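Data first, discussion second: the structure below is written as structure tokens.
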Amino acid sequence: MTELVQSIYIHIPFCLRKCFYCDFAIATISQQEIKERYVDTVCQEIALTAQRGANRATASSSTNVASLRTVFFGGGTPSLLNPQQLGRIIDAISIHFGITEDAEISLEANPGTVTTSSLQGYKAIGVNRISLGAQAFQTELLDYCGRGHNVQQIYDAVQSIDAAGIENFSLDLISGLPHQTLEHWQSSLAQSIELQPKHISIYDLTVEPDTAFYKRYQPGDRPLPTEEATVEMYLLASAELIAAGYEHYEISSYALSGYQCQHNRNYWLNQPFYGVGMGATSYLQQQRIDRPKKLRDYFDMVDIWQDQGIAPTAPKVSLTEELIDSLMQGLRLAEGLNLAKLQQKYGEASIEQVLDCLQPYFQKGWAKITDIPEPRLILVTPDGWLFSDQITTDLYESLTKQDASTPS
Ligand code: SF4
């Protein structure tokens, strides 16, 4: 079976400091030699990944090395690498996979780490979309989170993006921060809209284990906003951004017409993708492969792959697991999932089971099947999206229970 891969994610783990809520794979390292070695290792991993795809093509199944339509530098703080370093990675991707002329090439950046000149450099190597981690427009809230920037630096970064001639940029905001009030939130939304980003992503703070926040705060306790307040923030964001002309196209994402994030759509459609770099996950040939989350271990992994030919691997995702992933991801999108295609791929019995499990939610009006232009399964906003965790947990439990009771 041939699979078509259209996206690549490259993890750049460097950060100036660790934000208090962060549980991503990062390294607070500033030495240029380590960054250079990291870039070399990522380029090496890209070459090895392409080689493995080519080897597969001679075996029973193959990965089709078509030109990539999306390239995403995430982190970490990718803007801590200079244009020359990122350019080397883009060159490696071009050589081994090819990048389409009109590809979306995104770079995550933090305020305080970009200048007009660095952004001009990123544009020159092909970056055409910047995702800026603004998070809040109150310097005291940014300080509570241990963010390494202030509000003025958000404005400076947007001005630099504009001066560099990169018209497509996205802002990230976080709701549910400690000490955040509805007034703060309304003001952050208003200031974001004023900056006219093409896209806005909004995340509700989750206090994750192994973070500084986890030691300080209990979910639901002050100074975290109450659950009712975070629901109000969600509804306010949706109302204000839709009124400002944004489409609420995914649970956490808003875009002006024509500016949905194509890279993230690939995830939500549960399509395969390359993933390279420390802590990155790839999804190829039904295998979700996680890379080590520590720099030294990641370097070792690529060395062993290069020297001994031992590539990282993972068990194949079963058909039921694939269906669960498709539901969990696809139900995040306003457009939902095409029921006929689901039936064709996973069989009528499985989809019957999905619909049975969703019956209570159909009755509450939180989920529905739309008919135009074809039957699609969607969660109905706002309740379907507000309770999406509960709905997808139910689906997960129902489908895994069935899977376990099916004789193999
Ligand atoms: S900048 Fe982003 S990746 Fe880096 S520590 Fe903060 S939240 Fe984590």
Side-chain angles (χ1 to χ4, degrees), residues 3-15 22-27 38-56 61-78 81 85-86 88-100 103-108 127 129 131 261-295 297-306 310-317 321-322 325-326 328-329:
E3 76 177 351
L4 184 66
V5 185
Q6 305 197 78
S7 294
I8 186 166
Y9 173 82
I10 310 101
H11 192 73
I12 308 296
F14 306 109
C15 285
C22 179
D23 74 336
F24 298 137
I26 70 149
Y38 188 77
V39 170
D40 288 344
T41 310
V42 164
C43 292
Q44 206 176 354
E45 194 194 350
I46 289 166
L48 289 164
T49 304
Q51 215 177 328
R52 175 154 72 172
N55 291 343
R56 277 210 193 97
S61 61
S62 70
T63 291
N64 186 349
V65 190
S67 289
L68 298 171
R69 301 188 62 80
T70 77
V71 177
F72 196 102
F73 290 99
T77 310
L81 290 190
Q85 290 166 325
L86 290 178
R88 283 207 283 134
I89 298 176
I90 290 188
D91 285 348
I93 297 168
S94 291
I95 290 166
H96 294 287
F97 301 122
I99 301 175
T100 59
E104 175 191 272
I105 304 183
S106 301
L107 175 80
E108 285 185 343
V127 172
R129 182 175 185 274
S131 174
C261 177
Q262 296 307 313
H263 184 82
N264 287 343
R265 278 188 65 84
N266 192 69
Y267 297 145
W268 297 319
L269 297 172
N270 203 23
Q271 295 298 304
F273 58 89
Y274 296 112
V276 292
M278 177 186 124
T281 299
S282 56
Y283 181 39
L284 297 168
Q285 299 287 327
Q286 287 97 44
Q287 291 178 64
R288 281 190 194 278
I289 301 177
D290 297 323
R291 279 141 196 80
K293 293 194 161 116
K294 291 210 159 54
L295 214 43
D297 296 343
Y298 170 65
F299 289 153
D300 286 349
M301 181 208 87
V302 177
D303 281 349
I304 291 170
W305 191 354
Q306 176 76 53
I310 301 172
T313 178
K316 281 206 171 189
V317 171
E321 287 166 334
E322 196 186 311
D325 289 341
S326 294
M328 286 192 169
Q329 295 299 324

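Source: prediction; values computed, not measured. Just so you know, these numbers use all the heavy atoms, side chains as well, and skip hydrogens, waters and symmetry mates.
- Atoms CD1 and CG, from Ile99 and Asp91 in turn, are 8.5 Å apart once rounded to the nearest 0.5 Å.
- Every pair passing salt bridge (charged side-chain N to carboxylate O under 4.0 Å, His left out) that includes a residue from residues 267-290 is listed here, sequence neighbours excluded: Arg288-Asp325.
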> Does the side chain to side chain contact (heavy atoms under 4.5 Å, CB included) test come out yes or no for Ile289 and Leu284, once each step is laid out?
Replying inline: CA-CA 8 Å; Ile289 301 177; Leu284 297 168; over 6 Å; no
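- Between the CG atom of Asp300 and the CH2 atom of Trp305 there is a distance of 14.5 Å, given to the nearest 0.5 Å.
- To the nearest 0.5 Å, atoms OG1 (Thr70) and CZ (Phe273) are separated by 10.0 Å.
- By the 6.0 Å contact criterion, OH on Tyr267 is enclosed, its count of non-hydrogen atoms from other residues, nucleotides or ligands being greater than 12.
- Scanning both residues, Ala103 and Leu68, for their nearest heavy atoms gives CB-O, 3.7 Å.
- Of the possible polar contacts, one joining the Glu108 side chain to the Gly75 backbone as a donor-acceptor pair under 3.5 Å is found.
- Atoms CD and CE, on Glu45 and Met278 in that order, are 12.5 Å from each other to the nearest 0.5 Å.
- For the pair Ile46/Tyr274, no side-chain contact is recorded, criterion being any heavy-atom separation below 4.5 Å from C-beta on.
- Taken from CZ in Arg52 to CG in Leu48, the straight-line distance is 9.0 Å, to the nearest 0.5 Å.
- Nearest heavy-atom pair across Gly275 and Ala280 is C-CB, 4.1 Å.
- Counting heavy atoms from C-beta on, the side chains of Gln271 and Gln6 never come closer than 4.5 Å.
- Inter-residue side-chain proximity for Thr77 and Phe14 is flagged as unmet; no heavy-atom pair is nearer than 4.5 Å.
- For the pair Arg291 and Met301, the minimum side-chain heavy-atom distance is below 4.5 Å.
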>> Is there a side chain to side chain contact (heavy atoms under 4.5 Å, CB included) between Arg88 and Asp40? Walk through the geometry before answering.
In response: CA-CA 8 Å; Arg88 283 207 283 134; Asp40 288 344; 2.6 Å; yes
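- With contacts defined as side-chain heavy-atom distances shorter than 4.5 Å, the pair Glu104/Cys261 qualifies.
- Looking at Ile89 and Phe73, their side chains come closer than 4.5 Å, going by heavy atoms from C-beta outward.
- When side chains are defined from C-beta on, Ile93 does not count as touching Val276, because their heavy atoms never get closer than 4.5 Å.
- Aromatic ring orientation, Tyr9 versus Phe72: parallel (interplanar angle below 30°, classes split at 30° and 60°).
- Aromatic rings from Tyr38 and Tyr298 are positioned such that their centres are separated by under 6.0 Å.
- In this structure, Pro272 and Asn266 approach most closely via the heavy-atom pair O-ND2, 3.2 Å.
- Minimum interatomic distance between His263 and Ile8 (heavy atoms only, all atoms of both residues): CE1-O, 3.3 Å.
- Contacts of Ser131 classified as side-chain hydrogen bond (donor to acceptor under 3.5 Å, both in side chains), with partners at least two apart in sequence or in another chain: none.
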> Step by step, would you call Arg69 with Gln262 a side chain to side chain contact (heavy atoms under 4.5 Å, CB included)?
Replying inline: CA-CA 8 Å; Arg69 301 188 62 80; Gln262 296 307 313; over 6 Å; no
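- Contact of the Val71 side chain with the Ser106 side chain is not registered, since no non-hydrogen atoms from C-beta on lie closer than 4.5 Å.
- Lys316 and Gln285 make their closest contact through CE-O, 3.6 Å (heavy atoms, listed as atom of the first residue, atom of the second, distance).
- Distance check: Leu86 CG to Ile12 CD1 gives 6.0 Å after rounding to the nearest 0.5 Å.
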